[in-house]
**Student:** 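Quick one: the structure is below, and I'll ask about it shortly.
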Amino acid sequence: MTTTQDTEPLRLGADFFDDPDALYRELRVGRPVVRAVAPNGLSFWMITRYDDARAALNDGRLAKDAARIPEILAREEEAPSARALAESLVQHMLNADPPDHTRLRKLVGRAFTMRAIARLRPRIEEIANELADAMEAAGPDVDLLDEFAFPLPMTVICEILGVPQGRRDDFREWSNTLLSGAGDDERGAAAGAMAQFLAELVADKSANPGDDMLSEIVRASEDGDSLSHAETTAMAFLLLVAGHETTVNLIGNGMLALLCDPEQRDLLRREPERVPNAVEEFLRYDGPVNLATFRFTAEPVEYSGTTIPADQFVLVSLIGANRDPERYADADRLDVTRDTSGHLAFGYGIHHCVGAPLARLEGEVAFRTLLERFPDLTLGGEPGPHRESTLIHGLTSLPVRTGPR
């Protein structure tokens with residue numbers, strides 16, 4: 001048994017965000033559990049092997065109690081920008097352990113059942129076709145993220161939650177800032193603006209409930225329990241951010257992979273029935289989440305011979321796990337026919353993404369629509385750099401050409 005507590009931590013830079021698996025390939029072999037420091041100064045332990053990652057995602061010794069986060073952050077020598085969210089917008093189920101997690105998830109889980117999500121297909125297809133029409137009209141050179149990948153899931157989740165149309169661009173800006181490497185002041189301002197907007201929205205749903213999910217969450221009751229105002233605000237934050245960020249980058253990363261692999265793209269055009277499995281491969285091959293959300297050690301834990309002391313942040317690499325050749329043969333190759341069962345793109349265990357059925361459906365509709373409407377779609381230039389976020393793995397832009405000029 002070893003511990004690397006006294007070794008120099010790995011410092012993550014811009015090259016890590018553009019190609020995280022280059023680092024993960026090295027770490028999985030020699031240092032599968034390693035201390036790291038994010039660009040914002042926050043230190044944590046990183047887990048990169050599939051078997052370790054799957055176990056850690058469901059390890060009760062790795063806690064997620066949001067109330068403890070400020071206490072652990074206070075020990076950092078620097079004041080990392082993660083502190084901007086430490087005391088606001090955090091009382092949701094991703095930052096809770098049982099029994100609180102069980103209560104929170106039960107109150108919203110019914111809205112994300114397979115049956116409930118399946119009923120949304122016609123509307124999602126309608127939105128996708130409207131966006132494809134707009135792409136065609138604006139073409140031939142467009143940014144796929146701006147014209148399709150962002151507005152599709154944002155429109156869907158805002159309609160589900162009842163968010164006014166006029167505030168959706170604001171929400172995208174706040175979300176991008178909070179999930180970026182921006183400084184404390186900028187992130188704090190974005191967190192404050194988002195918290196105020198969501199608190200006002202929740203208050204309005206309480207006074208004037210409508211036929212939308214957020215109104216249902218506000219009045220939800222299970223076994224005599226309900227969400228507090230703060231819990232509802234934080235839940236709205238989680239559902240809005242997770243409800244569009246995952247799918248935006250599933251579409252962006254997946255389309256980039258297809259545009260760089262004409263053989264796989266042509267296979268899907270010939271056999272569109274393979275699209276649902278292709279979505280799973282996009283999630284495995286270049287998923288939208290790099291390092292899973294924060295956990296911390298409630299006691300010392302050991303993975304791959306390394307002991308992580310108590311009260312340490314731990315981030316599980318979903319990308320590293322999903323590219324582990326010990327789990328997936330030829331893991332660095334895109335193969336839309338592959339058996340992807342067991343991939344960790346949506347997490348694992350009690351914190352498995354509650355919105356996974358919605359993201360899968362949106363992804364399927366998006367790729368079917370794009371492949372059918374734009375059979376000659378090609379890259380229109382160099383993709384933008386990846387966003388500087390340890391959580392979100394996605395491009396800043398994806399220029400495409402929809403057809404001949």
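Just so it is clear, the model here is predicted, and its values are computed rather than measured.
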**Student:** Which heavy atom of A366 sits nearest a heavy atom of L152, and at what distance?
**Tutor:** CB-CD2, 3.8 Å
**Student:** For the side chain of E281 and the backbone of R338, is there at least one donor-acceptor N/O pair under 3.5 Å apart?
**Tutor:**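 Not a single qualifying donor-acceptor pair exists.
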**Student:** Calculate, to the nearest 0.5 Å, the distance between atoms CZ and OG1 belonging to F16 and T390 respectively.
**Tutor:** 7.5 Å
**Student:** Measure the shortest side-chain to side-chain distance between L315 and F294 over non-hydrogen atoms and say whether it is less than 4.5 angstrom.
**Tutor:**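 Side chain of L315 against side chain of F294, heavy atoms only: contact under 4.5 Å found.
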**Student:** Would you call E280-R360 a salt bridge at under 4.0 Å N-O?
**Tutor:**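 Salt bridge: yes.
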**Student:** At what distance, to the nearest 0.5 angstrom, does CG of N253 lie from CG of L258?
**Tutor:** 11.5 Å
**Student:** Nearest 0.5 Å, what's the CG-CG distance between N249 and L395?
**Tutor:**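 Reported value, rounded in 0.5 Å steps: 7.5 Å.
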**Student:** Salt-bridged, D59 to R61, with N to O below 4.0 Å?
**Tutor:** yes
**Student:** Is the backbone of E200 close enough, under 3.5 Å, to the side chain of D204 for a donor and an acceptor to pair up by distance?
**Tutor:**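 Between the backbone of E200 and the side chain of D204 there is no qualifying donor-acceptor contact (under 3.5 Å).
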**Student:** Hey, what do you get for CZ (R401) to CG (L377), rounding to the nearest 0.5 Å?
**Tutor:** 11.0 Å
**Student:** List the atom of I319, the atom of V289, and the distance in Å for their closest heavy-atom pair.
**Tutor:**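 Looking at all heavy atoms of both residues, the closest pair is CG1-O, 3.6 Å.
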**Student:** Please report the shortest heavy-atom distance between G403 and P140, naming the atom on each side.
**Tutor:**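 Smallest interatomic distance, heavy atoms only, reads O-CB, 3.6 Å.
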**Student:** Show the numbers, then the answer: is there a side chain to side chain contact (heavy atoms under 4.5 Å, CB included) between K205 and D212?
**Tutor:** CA-CA 9 Å; K205 297 297 182 184; D212 57 76; 3.1 Å; yes
**Student:** Looking at E372, I want to see if its CD is surrounded by more than 12 non-hydrogen atoms of other residues, nucleotides or ligands under 6.0 Å.
**Tutor:** no
**Student:** Would you say C158 and H244 make side-chain contact, with heavy atoms under 4.5 Å?
**Tutor:**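 No. Closest side-chain heavy atoms not under 4.5 Å.
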**Student:** Looking at every non-hydrogen atom in both residues, tell me the closest pair between F374 and A132 and how far apart they are.
**Tutor:**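 F374 and A132 have their closest heavy atoms at CZ-O, 3.4 Å.
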**Student:** Output, in order, the C-alpha distance, side-chain angles, deciding distance and verdict of side chain to side chain contact (heavy atoms under 4.5 Å, CB included) for Y24 and N322.
**Tutor:** CA-CA 10 Å; Y24 295 146; N322 285 333; over 6 Å; no
**Student:** Nearest heavy-atom pair of V279 and G363: which atoms, and what distance?
**Tutor:**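 Closest pair (atom of V279, atom of G363, distance): CG2-C, 3.8 Å.
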**Student:** Would a 4.5 Å heavy-atom cut-off, applied to side chains only, mark E147 and L131 as touching?
**Tutor:** no
**Student:** CG/L344 to NE2/H352 distance, rounded to the nearest 0.5 angstrom?
**Tutor:** 9.0 Å
**Student:** For the backbone of G210 and the side chain of S215, can you confirm whether one donor and one acceptor N or O come within less than 3.5 Å of each other?
**Tutor:** yes
**Student:** Below 4.5 Å, heavy atoms only, C-beta onward: do R368 and P276 meet side chain to side chain?
**Tutor:** yes
**Student:** Cation-pi between R284 and Y328: NZ/CZ under 6.0 Å from ring centre and within 45° of the ring axis?
**Tutor:** yes
**Student:** Do the non-hydrogen side-chain atoms of L370 and L144 ever get within less than 4.5 Å of each other?
**Tutor:**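 Yes, close enough: below the 4.5 Å cut-off.
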**Student:** Does CG in D211 sit with more than 12 non-hydrogen atoms of other residues, nucleotides or ligands closer than 6.0 Å?
**Tutor:** no
**Student:** Do I160 and V156 have side-chain heavy atoms sitting under 4.5 Å apart?
**Tutor:**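 SC-SC contact between I160 and V156 confirmed.
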**Student:** Go through H393 and D286 one step at a time and tell me if the side chain to side chain donor-acceptor pair (under 3.5 Å) criterion holds.
**Tutor:** CA-CA 8 Å; H393 176 60; D286 199 24; 2.7 Å; yes
**Student:** Would a distance-only check, ignoring hydrogens and angles, find a side-chain to backbone donor-acceptor pair under 3.5 Å from D324 to Y50?
**Tutor:**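 Flag set: sc D324 to bb Y50 pair under 3.5 Å.
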**Student:** Identify whether the distance between the nearest side-chain nitrogen and carboxylate oxygen of E125 and R121 falls below 4.0 Å.
**Tutor:** yes
**Student:** Donor-acceptor check, side chain of R295 to backbone of K64, threshold 3.5 angstrom: yes or no?
**Tutor:**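 No, R295 side chain to K64 backbone: no donor-acceptor pair under 3.5 Å.
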**Student:** Applying salt bridge (charged side-chain N to carboxylate O under 4.0 Å, His left out), which residue pairs with at least one partner in residues 254-268 are found, sequence neighbours left out?
**Tutor:** D266-R269
**Student:** What heavy-atom pair brings T396 and L145 nearest, and what distance separates the two atoms?
**Tutor:**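 Looking at all heavy atoms of both residues, the closest pair is C-CD1, 3.6 Å.
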**Student:** Looking at side-chain heavy atoms only, is the closest gap between L358 and I124 below 4.5 Å?
**Tutor:** yes
**Student:** Does N277 use its side chain to pair, donor to acceptor, with the backbone of D339 at less than 3.5 Å?
**Tutor:** no
**Student:** Report yes or no: does T297 contribute a side-chain atom to a donor-acceptor pair with the main-chain N or O of P309 at less than 3.5 Å?
**Tutor:** yes
**Student:** Is E136 paired with R373 through a side-chain N to carboxylate O contact shorter than 4.0 Å?
**Tutor:**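 Here R373 pairs with E136 in a salt bridge, since their nearest N and O are under 4.0 Å apart.
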**Student:** Look only at the side chain of S397 and the backbone of P383, and say whether a donor-acceptor pair between them is shorter than 3.5 Å.
**Tutor:** no
**Student:** Would a distance-only check, ignoring hydrogens and angles, find a side-chain to backbone donor-acceptor pair under 3.5 Å from T307 to E302?
**Tutor:**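 It does not hold such a pair.
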**Student:** Is the distance between the ring centroids of Y303 and W45 less than 6.0 Å?
**Tutor:**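 Y303 vs W45: aromatic centres not under 6.0 Å.
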**Student:** Take atom CD in E126; do more than 12 heavy atoms of anything else shown fall under 6.0 Å from it?
**Tutor:**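 It does: E126 CD has more than 12 such atoms within range.
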**Student:** Kindly say whether L391 contributes a backbone atom to a donor-acceptor pair with the side chain of N290 at under 3.5 angstrom?
**Tutor:**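 Side chain of N290 to backbone of L391, a donor-acceptor pair under 3.5 Å: no, none is there.
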**Student:** Between T378 and D376, is the side chain to side chain contact (heavy atoms under 4.5 Å, CB included) condition met? List the steps.
**Tutor:** CA-CA 6 Å; T378 57; D376 299 318; 5.8 Å; no
**Student:** Side chain to side chain contact (heavy atoms under 4.5 Å, CB included) between L398 and L379: does it pass, once the steps are laid out?
**Tutor:** CA-CA 8 Å; L398 181 55; L379 279 173; 3.8 Å; yes
**Student:** Both conditions, 6.0 Å and 45 degrees, for the charged tip of R323 above the ring of Y285: are they met here?
**Tutor:**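 The answer is yes, since R323 meets both limits relative to Y285.
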**Student:** Is there a side-chain contact between L239 and M213 (heavy atoms, below 4.5 Å)?
**Tutor:** yes
**Student:** First locate atom CG of L62, then atom CD of E299, and finally report the distance between them rounded to the nearest 0.5 Å.
**Tutor:** 9.0 Å
**Student:** When you check the gap from the basic side-chain N to the acidic O, do D330 and R333 get nearer than 4.0 Å?
**Tutor:**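 Counted as a salt bridge, because a side-chain N and a carboxylate O are separated by less than 4.0 Å.
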